[in-house]
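Throughout, protein chains are lettered first and strands after them, A, B, ... in sequence-line order, and every chain is numbered starting at 1. For clarity, every value in this text was computed on a predicted model and none was experimentally measured.
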Amino acid sequence: MSHTITVHHGDASVQLDAGATALQALKALEAIRGAIVAAELTTTDGTRSEWDLDRPVPDGATVAPVYADTEQGRAILRHSTAHLMAQAVTDLFPGAKWAIGPPIEDGFYYDFDVPAPFTPEDLERIEARMHELARERQRYVREEVPQPAARQEFADQPYKIEIMDLVDDGTILSAVDTAAPDAPSGTAAGEGDRPATEPTFTVYRNVRDLDDGSTEVAWSDLCRGPHVPSTERIPAFKLLRSAGAYWRGREDQPMLQRIYGTAWESKKALQAHLELLEEARKRDHRKLGRDLELTHHPDELGPGLSIFLPNGALVRKQMEDWIRDETLARGYQPVYTPHVAKEDLWRISGHLENYGELMYPGMELDDAGAAYRLKPMNCPFHILAFTSRTRSYRELPLRIAELGTVYRYERSGVVNGMLRARGFTQDDSHIFCRADQVVDEVVGCIAFARDLYAAFGLGEPSRVAVSTRPEGKSIGTDEQWAYAEKALMEAAERSGYDYQVDAGEGAFYGPKIDIHARDAIGREWQLTTIQVDFNLPERFDITYVGDDGQRHRPFMVHRALFGSIERFFAVMVESFNGAFPTWLAPEQVRVLPVADEFDGYATEVADRLRAAGVRVHVEVADATLGNRIREAQTSKVPYTLVVGGSEAEAGTVAVRPYHGPQRKDVALAVFVTEVAEEIATKGVDDAGPDDAGVHASGEDLDA
RNA sequence: GCUGGAGUAGCUCAGUCGGUAGAGCAAUCGCCUCGUAAGCGAUAGGUCAGGGGUUCGAGUCCCCUCUCCAGCUCCA
């Protein structure tokens, strides 16, 4: 080994004494352009890893700074903040056992085993303690500890011991990875992966520098790292809430107390994030549903059930009209089926066996000779439609479609507004086809879904995932699974969607491809689902007659593009912030006469618009104009027309769009043509997920 | 289902130490009537989520249930 090393950054190289740290290397390379939290290092063998700034770099490495204001940098500083929080909890709650504390999107959490759950006051105390500790300028010091010593050090931390048991090859993965112990072991950090002759665990110690020049270990945690060099590099953080969370995410494991927090590269960024959360809260579909009189969820109705009020119903009608028209145009055949059926039907389908606890209980009817059940799915009915007579291969693919309302007795804790409901309507279809038709059918479904997202202004989905065969319980042969999984991936590729594979996340009866979108507070919800099913064709013993005159078993493709109309509606409301594009808006135009002597002209304007198919309403001059304009704006009506003497005389209107600038003296005929055209083309340009909620001056006044 | 938080008028909220319920907006009625985000006045509106308990007295304290919110788990 030489006494000097060479390190690189871009085209630059520099020689340093052996043992030089990443920070020294970056300084020497003049690579630092802003606040950094760590380094990213590529070794001569091409391995890339994140690296502590105070950690010596190996010879030949390429070093790059990780800036605080990047997602990568924030993850590191959030991880370090999680350690700081755990230290504060340990100080304030002696004996607390700590589990895992990873960074997550927009923040971090840490799980603790404590005798009593944290109260909101506890969180305030913990946060205050964190600020005290941060002011001590504690350093984060990395140390590799031999296995036995590590086990001894954390002997009173049963969760840490369990983590060590799970990764006993000496490689401490990130805390996220240890939460999923069956995750494959990835690359270990740097020197850590020396041959396993002396396995070590990485421990990070928070170290205080005392006034007398000595040092003191304040707190230590088993951790892969990396971390910021010092608590000084944590400029802004806030604890948000606490909640229970099962250890290792399993219901049969103890429930720990999780504290969520967020940390940012500056106080300003933290403030901006908190304001964003506040704005998101105002977009909640339940709040907007109330304010805009879209939906109603009275207690008398029951959890997870919705009433669509006239405004919401008009939006929903546009959704339903669109999907019905498109479904017919794409060769589907409509059916209608009932909401209840004999229990036996769900015995045959297997739903009772597999999902019985999530179905509403049976209705015992004395004179019916059998119990009846509310339907949790539409598929058995569509199969009965298929088997209404002998089917020929010439009819395949046979696509049966329905807007089918289903009822699932979801566990009480999971019901969530209209996003997770107990009664909801699927734009459900079942495609019966030959094996060789599956790919084309799935491709067709995905293309259909693409058109739907474009039409309703949701843009690109947050995630597209192909879910493959689950471990353990699943039916079907290896060949069937392999074929269907390949078909779905091929279809996803051909569709142009950037998809990911969710290994083992398929249904027991077949793989699926799902399209997800986010709600106002960033949670992902499955909207579109397309599934290949080998189960039901077997269970119902359905067949078609092939060109060989023999009976063959068809494949079934289940698909729902909105998924749940209620859920899609909720996501859309939040995405548009209640300000629907004109073609979807319940009330498209509101006409305001400036004084009641112009009520007549206002009515005339409204009649012209109504004749052109526009949903229009006149708000007569009982209140002041200012009051009625405010009302129209808070109702998010796309167009408000103001008419008075000059308009009546000239046959014009003054147009005040919800989005965009006002226009005066627009000829009525011109406006009617424009708005009718906009509605006919189902334009979504003026609104959308990105700009909804940021126009509308003074919109927040309605708080 | 589990953990925590919450529930007062249609909505948003106040309600002190336990002393019998309050505001703004909305609604209704009246006055006002030519110009781009709240005109003025009056009236009405409550089983304080429901039930039980403690107390002379409970919106307030205790217990149970329901519902909602966030998270965990689950999601055909």
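- Considering all non-hydrogen atoms of both residues, A/Ser467 and A/Asp514 come closest at OG-OD2, 4.3 Å.
- When heavy atoms are screened at a 4.0 angstrom cut-off, A/Lys512 is found touching the sugar-phosphate backbone but no base atom.
- Nucleotides B/C63 and B/C56, compared at atom C1', are 22 Å apart to the nearest Å.
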Please list each protein N or O that sits under 3.5 Å from an N or O in nucleotides 68-71 of chain B, with the distance.
from: B/C69; atom 1: OP1; to: A/Arg286; atom 2: NH1; distance (Å): 2.3
from: B/C69; atom 1: OP1; to: A/Gly417; atom 2: N; distance (Å): 3.2
from: B/A70; atom 1: OP1; to: A/Arg286; atom 2: NH2; distance (Å): 3.2
from: B/A70; atom 1: OP1; to: A/Arg523; atom 2: NH1; distance (Å): 3.2
from: B/A70; atom 1: OP1; to: A/Arg523; atom 2: NH2; distance (Å): 3.1
from: B/A70; atom 1: OP2; to: A/Asn416; atom 2: ND2; distance (Å): 2.7
from: B/A70; atom 1: O2'; to: A/Arg241; atom 2: NE; distance (Å): 2.9
from: B/G71; atom 1: OP2; to: A/Arg523; atom 2: NH1; distance (Å): 2.7
from: B/G71; atom 1: O3'; to: A/Tyr260; atom 2: OH; distance (Å): 3.0
from: B/G71; atom 1: O2'; to: A/Tyr260; atom 2: OH; distance (Å): 3.1
from: B/G71; atom 1: N2; to: A/Gly244; atom 2: O; distance (Å): 3.4

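- The side chain of A/Leu358 lies closest to B/A76 when the candidates are B/G1, B/A76, B/U3.
- In this structure, A/Arg290 reaches the sugar-phosphate backbone alone: every heavy-atom distance under 4.0 Å involves primed, P, OP1 or OP2 atoms, never a base.
- The gap from the C1' atom of B/G45 to that of B/A23 amounts to 14 Å, rounded to the nearest Å.
- Comparing B/A76, B/A37, B/G1 against the side chain of A/Ala507 picks out B/A76 as the nearest.
- A/Glu410 approaches A/Ala421 most closely through the heavy-atom pair CG-O, 3.7 Å.
- Within 4.0 Å of A/Gly645, counting heavy atoms only, lies at least one base atom of the nucleic acid.
- The base of B/C74 does not come close enough to the side chain of A/Arg250 for any donor and acceptor atom to sit less than 3.5 Å apart.
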Open item on the list: Counting primed atoms plus P, OP1 and OP2 as sugar-phosphate and everything else as base, spell out the protein contacts along nucleotides 26-32 of chain B at 4.0 Å heavy-atom distance: B, S or - for each nucleotide, 5' to 3'.
Closed with: ------B
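- Which of B/G4, B/C34, B/A37 sits closest to the side chain of A/Glu597 comes down to B/C34.
- Taking the six-membered ring where tryptophan is involved, the planes of A/Phe386 and A/Phe432 are essentially parallel, since the angle between them stays under 30° and well short of 60°.
- As judged by a 4.0 angstrom heavy-atom cut-off over every strand, A/Ala623 is placed among residues making no nucleic acid contact.
- Counting any heavy atom pair closer than 4.0 Å across all strands shown, A/Thr119 reaches no nucleic acid atom.
- Contact check of residues 376-385 of chain A against RNA chain B (heavy atom, cut-off under 4.0 Å) returns A/Pro376, A/Met377.
- At the heavy-atom level, A/Glu647 lies under 4.0 Å from base atoms of the strands shown.
- Remark: B/U67 base-pairs with B/A6. Criterion, Watson-Crick or G-U wobble with two distances under 3.5 Å.
- Between the base of B/C2 and the side chain of A/Arg411 there is no donor-acceptor pair shorter than 3.5 Å.
- Comparing the same atom, P, in B/G46 and in B/C11 gives a spacing of 13 Å after rounding to whole Å.
- Residue A/His558 is tested with A/His430, A/Gln531, A/Lys512 for a side chain to side chain donor-acceptor pair (under 3.5 Å); the sole match is A/His430.
- Residue A/Leu288 holds its CG atom at 6.0 Å from CG of A/Asp291, rounded to the nearest 0.5 Å.
- Between A/His351 and A/Tyr355, the ring planes are tilted. Angles from 30° to 60° get that label.
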